[in-house]
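As a basis for the values below, the full set of heavy atoms in this structure was taken, side chains included, without hydrogen atoms, waters or symmetry mates.
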Amino acid sequence: MIGLLGKLLTAVSGECVVGCCVVAGFAVLTTETFDQQPLLDEPTPAAVADLATLTRRVTDLEQRVRDLESGRPAQPPVVSAPAAEDLPVLEIHSETWCGPCQVLKADLQALGESGVAIKWVRFSDRVPAMRWTGPDGKQVVQTGYTRGTIAGLLERVKAAHIARAAKSE
């Protein structure tokens, strides 16, 4: 890095040397500062969904390119059962010492397959805390839990997911 900076300085005229030093020093400072600190502890539901969507689209495009290059007619996209990344995501922060958290876990187990991907993450100083991406694409957070209300919450998460999908079409 120092060698590169030295070559840059020798190649630049006298007036610009000070500006280049400041810019290069700032770039080194910011790189060292930000590389040591993670920006997010956990990916948000929207980021996870976006990554899954982009991955699926890239895979589909690669297949279309292979079909075009080989001279085969393009295949229509295959519609299959929803993969885990196609499901709405509900993130839950709970603790073992939290009574309502244990009730929430029991209610989720009793409910069985819900059509919502549940991810257990740490994101709040209050428990239980649940978050999902709302119909407007913004994060929704709910804290606290009352026995028997999980089915209604899961329906809200699914409805938000469907509304976002309809907006993107």
Over all heavy atoms of both residues, which pair between Val127 and Cys101 is shortest? Give the atoms and the distance, please.
CB-SG, 3.8 Å
Under the 3.5 angstrom rule, does the side chain of Glu113 hit a backbone N or O of Gly115 as a donor-acceptor pair?
yes
Please assess Leu87 against Val116 for the test side-chain contact (heavy atoms from CB on, under 4.5 Å), listing each intermediate value before the final yes or no.
CA-CA 6 Å; Leu87 295 175; Val116 174; over 6 Å; no
Here the pair of heavy atoms bringing Ala129 nearest to Thr143 is CB-CG2, 3.9 Å
For the atom pair NZ (Lys167) and CG (Asp136), what is the distance rounded to the nearest 0.5 Å?
6.0 Å
So which heavy atom on Ser70 is nearest to which on Asp67, and how close?
OG-O, 3.1 Å
Between the CD1 atom in Ile150 and the CG atom in Leu111, the distance rounded to the nearest 0.5 Å is 7.5 Å
Quick one: side-chain contact (heavy atoms from CB on, under 4.5 Å) partners of Gln142, sequence neighbours excluded?
Met130, Trp132, Leu153, Arg156
Applying side-chain contact (heavy atoms from CB on, under 4.5 Å) to Ile162 and not counting sequence neighbours gives none
Counting C-beta onward and ignoring hydrogens, is there a side-chain heavy-atom pair between Gln63 and Thr59 closer than 4.5 Å?
no
Under 4.0 Å between a side-chain nitrogen and a carboxylate oxygen: does that hold for Glu91 and Lys119?
no
Arg164 side chain to Ala159 main-chain N or O, any donor-acceptor pair under 3.5 Å?
no
Those residues at least two apart in sequence (or on a different chain) that pass side-chain hydrogen bond (donor to acceptor under 3.5 Å, both in side chains) with Arg147 are none
Check: Val157 and Val140 side chains under 4.5 Å, non-hydrogen atoms
no
If I take atom NZ from residue Lys158 and atom OG from residue Ser114, how far apart are they, to the nearest 0.5 angstrom?
6.0 Å
What distance do His93 atom NE2 and Arg131 atom CZ have between them, rounded to the nearest 0.5 Å?
10.0 Å
How many angstroms lie between CG in Leu154 and OG1 in Thr149, if you round to the nearest 0.5 Å?
9.5 Å
When every non-hydrogen atom of Pro128 is compared with those of Leu104, the smallest separation belongs to CB-CD2, 4.1 Å
For the atom pair CG (Leu108) and CH2 (Trp120), what is the distance rounded to the nearest 0.5 Å?
5.5 Å
How would you list, by chain and number, every residue that makes a side-chain contact (heavy atoms from CB on, under 4.5 Å) with Glu62, sequence neighbours excluded?
Val58, Arg66
Restricting to pairs with a member in residues 94-105, which pass salt bridge (charged side-chain N to carboxylate O under 4.0 Å, His left out), not counting sequence neighbours?
Glu95-Arg122
Qualifying residues under side-chain hydrogen bond (donor to acceptor under 3.5 Å, both in side chains), relative to Thr96, sequence neighbours excluded:
none
